[in-house]
Every structure is written in C-alpha cells, then in structure tokens.
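Here is the structure we will look at.
Values reported hereafter were calculated over all heavy atoms of this structure, with side chains retained and with hydrogens, waters and symmetry mates removed. Read the numbers this way: they start at 1 and go in the same order the structure lists the ligands and their atoms.
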Amino acid sequence: MNVGIPSNRRSGQPGQNAGLARPRSPETKTGANRARSPALGKSSAPNPSGPGARTSIASGGPVGSGSLGKSAQPTVRRVTSSTVEEIRRIDANREQRRRQAEEVRRSRQEEAALLGAQCGGHVPDIDFHRMIQNYRQQCPQPVHFEPLDPAAPDGVLVCVRKRPIMQHEVTNSELDCVTACNPCAVVHETKLKVDGITKCLESHQFEFDRVFDEECTTEDVYTTVASPVVPWVLAKGGRATLFAYGQTGSGKTFTMTGIQRLLTEQLFEHVRRSSALDLTVSISFFEIYGGRPYDLLNNRQRLETLEDANNEVQIAGLVERGTANPQEMQQCIDLGNSLRTTQGTAINRDSSRSHAICVVFLRKTGGGSIHGKVTLVDLAGSERAADSKSSIRQRRVEGAQINKSLLALKECIRAMGDRREAHVPFRASKLTLVLRDAFISRGPAKTIMIACISPGMASADHSVNTLRYSDRLKEHPRSGKTVEDGDSAAGRRLSTGIRTQSPDRKLQSQRRSPSPTKLERGAIAGARQRPNSGTVPDLSKDEVFDLHSEEELLDEDEEYEDKPPAPSQGGPAVPGGPSALAPASQVFPSQAWAESRHWEDRIVTQHMHALQEDARLLTKESELLSQVQQGAAYDLEWYALEVDKIVRRKVEVYMNLMEDLAVFKAQLKRDETHQAAPRRLSRADARAEGPQPAPSTLNVPQTSPRLQAAMDGNPCPQRTPRTPRLHAGELPTDVR
Ligand SMILES: Nc1ncnc2c1ncn2[C@@H]1O[C@H](COP(=O)(O)OP(=O)(O)OP(=O)(O)O)[C@@H](O)[C@H]1O
C-alpha cells in the first residue's frame with residue numbers, strides 16, 4: 001500500500017515541488033530529522049522502530065489530488081517515511097544547484113559578451129581570463145619605481161618591460177598572460193589537470209630590479225634606468241652598456257629607439273654643464289648580421305673585427321662621426337636605424353634580423369682619448385625553432401645565427417657568474433667579442449639589461465624563457481674576479497662590487513642549476529607571500545623546456561669552437577691600435593660556418609666575374625653582328641669562327657659557374673641536414689651529391705685556370721685583358 005508516499009510527489013505539481021526548495025522551517029526540520037533513519041546518518045535521534053519502519057505524522061488535512069490522495073480518507077493521518085523526506089531534501093538541493101548553475105552560466109555569458117566586445121568579437125577563454133583577473137586582484141600594489149642609484153656598486157641591472165597586447169594578438173583570441181607588478185613579473189600559463197577537464201593556472205614568478213608594466217612609457221623606463229647613468233659616465237669616466245633583449249616582436253626596438261632619442265637630449269645637456277671636462281661627443285653605429293659587422297653610418301660597409309696583441313678587439317674601418325649637437329647625433333641614429341637589416345617574420349612584420357650596436361663616445365677634445373662610453377645594444381629577437389621554421393633558408397640561417405649569438409652571450413654571463421669557470425668564451429660569437437669590454441672593463445662599468453616581453457598567451461613559453469635568461473644575468477657577480485679569455489689574455493680584474501642581493505636572490509645564487517628549483521621557487525613565492533591562484537609551477541617541466549630550447553638552438557647551427565688565439569699576423573692598421581693584428585674571424589672561425597661563408601663569398605665573386613665576362617663578350621658579339629649586317633665583315637667563315645669562339649667562351653664561363661653552384665648547393669644541403677662533419681667539398685663530391693650540369697657537346701675545359709686558382713684559395717683571379725676595340729673592316733684576332 002502506498003499510503004506513505006506523498007501525493008504531491010506523484011502528481012508532480014510544480015508549485016508544491018518548488019516549495020520544497022525553501023529552507024525548512026524549524027518544526028519541519030525537527031519532525032523530519034526525527035523521522036530520518038540512522039542509516040542516512042543525518043539524524044542524531046535514534047529511530048526506535050528500526051530501519052524501514054514508518055513514522056506516523058499528523059498531516060492536518062487532505063494532501064494533493066492524485067490517486068493516492070483520493071484513496072486516502074480525509075480523517076486518516078498521513079504517514080511519511082524517512083526515505084520520502086530524504087527524496088524531498090535531495091530534490092530541493094538539486095533544484096538549488098540547477099538555479100545556481102543557471103546563474104553562473106548567465107553571468108559567464110554576460111562576461112564573455114563584454115570581453116568579446118572589448119576584443120572585437122574574439123572571445124578568449126573566459127575561465128582563464130577569470131583566473132588571471134583573480135590572481136591580479138590578489139597581487140599587492142606595485143612598488144614605486146626608484147631611479148637607479150648611480151652610487152650603487154657596479155654590476156648588472158636587470159629590468160623587464162611588458163608591452164601592451166597588440167591587435168593581432170587580440171584577433172587571435174589571445175589573453176594577456178603577463179602580470180607585471182614591480183618588482184615581480186609573472187607569466188601565467190593555462191593548463192588542464194590530469195583529469196583533462198579541470199582548468200588551472202600555472203604562474204611562473206620572477207623578481208627583477210625593476211618591472212615596467214604596459215602602462216609605463218619609454219620615458220618612465222629611461223628616467224628610471226638610463227638617465228642616472230649619464231651623469232655617472234661623465235663624472236666617473238665609466239662605461240655603460242644597455243641591452244634590449246627579448247622575443248621577436250616584444251618591443252626591443254621600440255624601447256631602444258626611445259632610449260636613443262632621450263639619451264641624445266640628455267647627454268648634450270650634461271656635456272654642456274660639465275664644460276670643464278672639455279669633452280666632445282661622437283658616435284659609431286654598426287650591426288652584426290649573420291655573424292658579420294656592417295657599418296650603419298657608412299652605407300653598410302662590411303667591417304672586420306681584428307684583435308691586437310693585447311687581445312683588444314678593434315673593428316677596422318668603423319666610422320666614428322663627431323656630433324656637435326643633439327640634432328646631428330639624432331640624424332646619425334636615424335640613418336643607422338634606417339639601414340638596419342629587417343625582414344618580415346611570422347611574429348613581427350618588421351623584425352630586426354641583426355644586433356644593432358650604437359656606441360656614443362665621450363672623448364677629450366684634442367687628445368682623443370676616451371673619457372666615457374655609452375653603448376646601446378638592440379639585440380635581434382630571440383626565436384623559437386618553431387618560429388624560425390621559415391621556408392626561406394636565409395631566414396632560418398638568420399634565426400640560427402641570432403640564437404647562437406644570444407646563447408653565446410648567455411654562456412659568457414654564465415661563465416662569469418660561475419667562480420669555478422676560469423674561461424669566458426667571448427670568442428664564441430662576434431657579438432660577445434665586440435662587447436667584451438661591457439663585461440670586462442678596466443674602469444667603472446654598468447650594464448643594464450632590459451628584457452622585453454610580449455603579453456600574449458601564445459608567447460607565454462617564450463616569455464618564461466626570456467625571464468629565465470634575464471634571471472641568469474642577475475647572478476653575474478662582477479666581484480673582483482679575474483676572467484681570462486684565452487691563456488695569453490692580460491688578466492683583467494673585474495670591477496669590484498656586487499649589488500646587494502635580496503634574500504630571494506641569494507637563495508637563487510647559491511644554486512648552480514639554471515633556474516630556481518621547485519622548492520626554491522615555492523620558497524620565493526612563500527617569502528613574498530604572493531598568492532598564486534593556480535597550481536604550483538611545475539619546474540621540472542620548465543627545466544626540460546629550457547634544456548630543450550637550448551638544444552634546439554644548438555641544433556639549428558653547428559656548435560661553435562673556442563680555440564686558443566693564434567699568433568698575431570700582419571694585417572691592416574687599425575686606428576688607435578697596434579699595427580700587428582690578426583683578423584679575429586680568421587683566428588676563431590666556426591668551421592662549418594666559415595665553410596659556408598667561403599662558398600657564399602666565392603659564388604658571389606664568381607657570379608660577378610661571369611657577368612662581367614658575359615658583358616664583354618656581348619659587346620664583342622654585337623659589334624661583330626653589326627659588322628656583318630653593315631656588310632663590313634664579308635668573310636662569313638671568319639664570322640662563324642668568331643661567333644663560335646664567343647659562344648665557347650660563354651659556355652666555359654657559365655659551366656664553371658654552374659659547377660661552383662653545384663658545390664655550393666651541396667654545401668647548403670649538407671649544412672641543413674647536419675649529416676656530415678663540416679668539410680670542404682670537392683667538385684667530385686659535388687658531382688656525386690649535387691645536380692649535374694647539362695651535358696655539353698662542346699669541347700670546353702671543365703675548369704678554367706681562374707676558377708681553379710679561386711678554388712685553391714689563391715688571390716682573386718685576374719681579369720682577362722680586354723681585346724682591342726674592333727673598327728669597321730678590322731678583323732678580330734681573338735675574342736678572349
Ligand atoms: N611599449 C609599447 N607600446 C606600444 N607599442 C609597442 C610597445 N612595444 C612594442 N610596441 C609595438 O610592437 C611592435 C613590435 O615592436 P618592435 O619592433 O620594437 O619589436 P622587437 O622586439 O624589436 O622585434 P624584432 O626583434 O623582431 O625586431 C611594433 O609595432 C611596436 O610599435
């Protein structure tokens with residue numbers, strides 16, 4: 001018999017069901033709880049009737065209109081079991097949950113619509129957006145930017161600048177995943193938990209000397225980090241070096257051009273004020289592209305890095321322009337920036353593919369000796385291997401070269417930071433070679449690294465790498481340690497002093513691993529009591545990424561060699577340096593790279609010669625033709641002979657070019673596949689590996705003497721002597 005089941009449950013009347021969701025009145029609660037069986041565990045009151053027993057409750061009148069209600073007599077007391085009560089309670093809870101879920105869905109939709117409107121209709125992941133917002137709300141107020149203290153001990157100042165999110169990132173529904181809260185920079189990564197559904201936030205936190213958010217202007221950056229350096233350089237006669245480092249498209253050039261402009265204005269003002277020092281301002285501007293320096297103030301003239309007997313690196317032929325006022329200096333800077341090598345890449349439409357180095361000298365008037373120096377280095381953008389997977393080989397080689405030199409820069413800093421390493425591999429790249437005095441300086445020196453980061457979520461892993469790279473620089477001690485670059489290097493003392501380290505930094509410096517360990521990072525986060533709304537960063541994975549990325553970098557290009565210096569050879573005189581100089585590029589070539597370079601140069605030279613020869617033959621040909629057409633050359637047999645000679649010569653020239661091209665192409669292929677140890681290919685190798693020139697029925701020599709000379713590394717081939725000009729009626733003796 002169903003008397004115990006309430007009719008409203010069976011009839012399913014909404015009004016009555018809805019009423020169940022209301023909080024129960026104390027009376028109902030008491031009665032229901034008393035009736036609940038102990039098996040449900042909710043009631044403390046024991047049920048004397050035992051499990052399954054029904055408790056009779058006076059209903060106070062008829063209930064419901066269902067069949068059950070009809071069968072029951074109005075005067076019969078309603079009987080409700082504990083199970084029924086439990087079902088009611090569950091129903092009520094479910095209903096409540098449904099309403100809450102509905103409420104959450106509606107507010108989520110509203111938020112997504114709002115965010116979508118801000119992002120031009122592209123809705124990013126709203127859950128991650130909320131998590132990041134939540135994280136930011138819990139962040140403490142950023143610390144006020146204190147300008148760099150010029151009196152602070154020499155060392156490396158590491159700052160971070162986050163640029164605003166760009167339209168193309170918004171269009172790709174990318175979230176701003178970087179929280180810049182001076183002195184902390186946090187990169188959030190979105191992850192799914194192991195269940196594959198639950199979203200969580202992974203936050204990588206770093207601490208630097210200054211962290212500039214997207215609201216900060218270049219003036220803010222300049223005033224804080226660069227401006228105090230100018231009076232210091234004048235007063236101490238020091239050397240200051242500013243680097244802009246970061247992923248391609250992260251705002252390095254934007255920041256550096258602003259700093260160049262502001263420095264120009266400030267420098268002349270201070271020089272004017274310090275007229276007693278009697279200084280003049282001059283500027284050099286060059287870029288390192290593909291491992292070679294080019295003068296940006298001299299129409300991209302190719303330069304040579306030379307090393308003197310004292311192991312001082314000199315850049316032969318680099319133009320240094322004297323500037324009398326800020327306008328002149330700005331003109332030089334604008335000229336240099338306009339000549340810089342740029343290319344469109346997948347990340348940046350106008351990506352700088354070179355390291356631009358602008359050196360501002362303060363020299364004593366008349367004497368010419370350097371009083372102080374400010375070097376502004378706009379590093380080429382670091383790239384992930386994935387970013388540099390361009391179909392154009394040149395882009396890939398550029399990317400590999402850039403990464404290689406940045407890796408070399410890091411290695412130098414790493415080696416200097418490690419007291420156990422006596423050798424600093426400055427020669428590992430041109431960049432580190434020419435910047436050596438930024439790190440090893442006899443006088444007072446300050447180095448400022450501005451790490452630029454993109455806020456887009458697609459760049460999160462790259463931003464973490466940039467911050468990790470910069471984090472590494474903080475460990476550079478510059479603390480009275482002798483670092484030598486090669487056994488013959490004159491031992492140079494690093495300028496003494498180390499920045500006072502925060503406990504966090506000390507903690508990091510004690511270790512040898514590239515980044516804080518999981519525990520350390522946890523300790524850092526804990527020490528700062530910064531809430532992390534996401535999961536604990538999985539550093540083991542980060543380490544793998546870091547190693548992986550380095551492997552990728554190395555894999556993109558051959559490992560560089562760091563050989564001991566060769567004895568100085570005779571070379572061109574360098575202004576301001578000893579006459580006996582050895583080209584640094586010859587002393588320490590990267591073998592495979594040098595091999596490619598050799599062939600590249602040779603092919604270009606060869607092509608030029610072929611073109612010149614062709615032009616000469618063309619002139620001869622047209623003269624010959626006009627003679628025949630005008631009837632001046634009546635001997636057709638002679639005419640045929642001359643044409644034959646011309647064509648043979650042309651074929652010979654182009655066959656030689658084709659053969660060299662075949663070798664070059666095989667070399668490129670070999671470089672790309674990294675299969676063989678670098679070695680110079682012979683023509684036989686090339687024939688075996690590369691495409692064959694078209695078989696010729698003409699009896700022409702396979703290799704010209706000029707070409708053979710070039711292949712054997714002999715001096716540049718001699719131009720063929722010009723044949724005397726033919727006049728109408730004259731017979732040419734030889735077309736060669
Ligand atoms: N702080 C900023 N505020 C506004 N726009 C910025 C900022 N930083 C960078 N940008 C813009 O971002 C784009 C990329 O910047 P920039 O060319 O300076 O990057 P980069 O790091 O030098 O790249 P690459 O290494 O490829 O040359 C430019 O359009 C620039 O105007």
With a 4.5 Å heavy-atom cut-off, do Q137 and N134 have their side chains touching? yes
Heavy-atom proximity to atom 15 (O) of ligand 1 ranks first, among G251, S454, G246, for G251
Of all heavy-atom pairs linking V434 and I315, the shortest is CG1-CD1, 3.9 Å
I'd like to know if E214 contacts ligand 1, where contact means a heavy-atom distance under 4.0 Å to any ligand atom. no
Taken in chain and number order and not counting sequence neighbours, the residues that satisfy salt bridge (Lys or Arg N to Asp or Glu O under 4.0 Å) with E328 are none
If you compare Y245, F212, F254 by their heavy atoms, the one closest to atom 31 (O) of ligand 1 turns out to be F254
Quick look: A244 vs ligand 1, heavy-atom contacts under 4.0 Å, and the answer is neither
So is P164 touching ligand 1 or not, going by heavy atoms under 4.0 Å? yes
Does C452 come within less than 4.0 Å of ligand 1, judged by its heavy atoms? no
Practice problem: Could you say whether the N/O atoms of G249 and ligand 1 ever approach to under 3.5 Å? | Solution: yes
ask   = Are V359 and I283 close enough that some pair of their side-chain heavy atoms sits under 4.5 Å apart?
value = no
For I259 and I450 the tightest heavy-atom approach is CD1-CD1, 3.6 Å
At the 4.0 Å heavy-atom cut-off, does M256 count as touching ligand 1? no
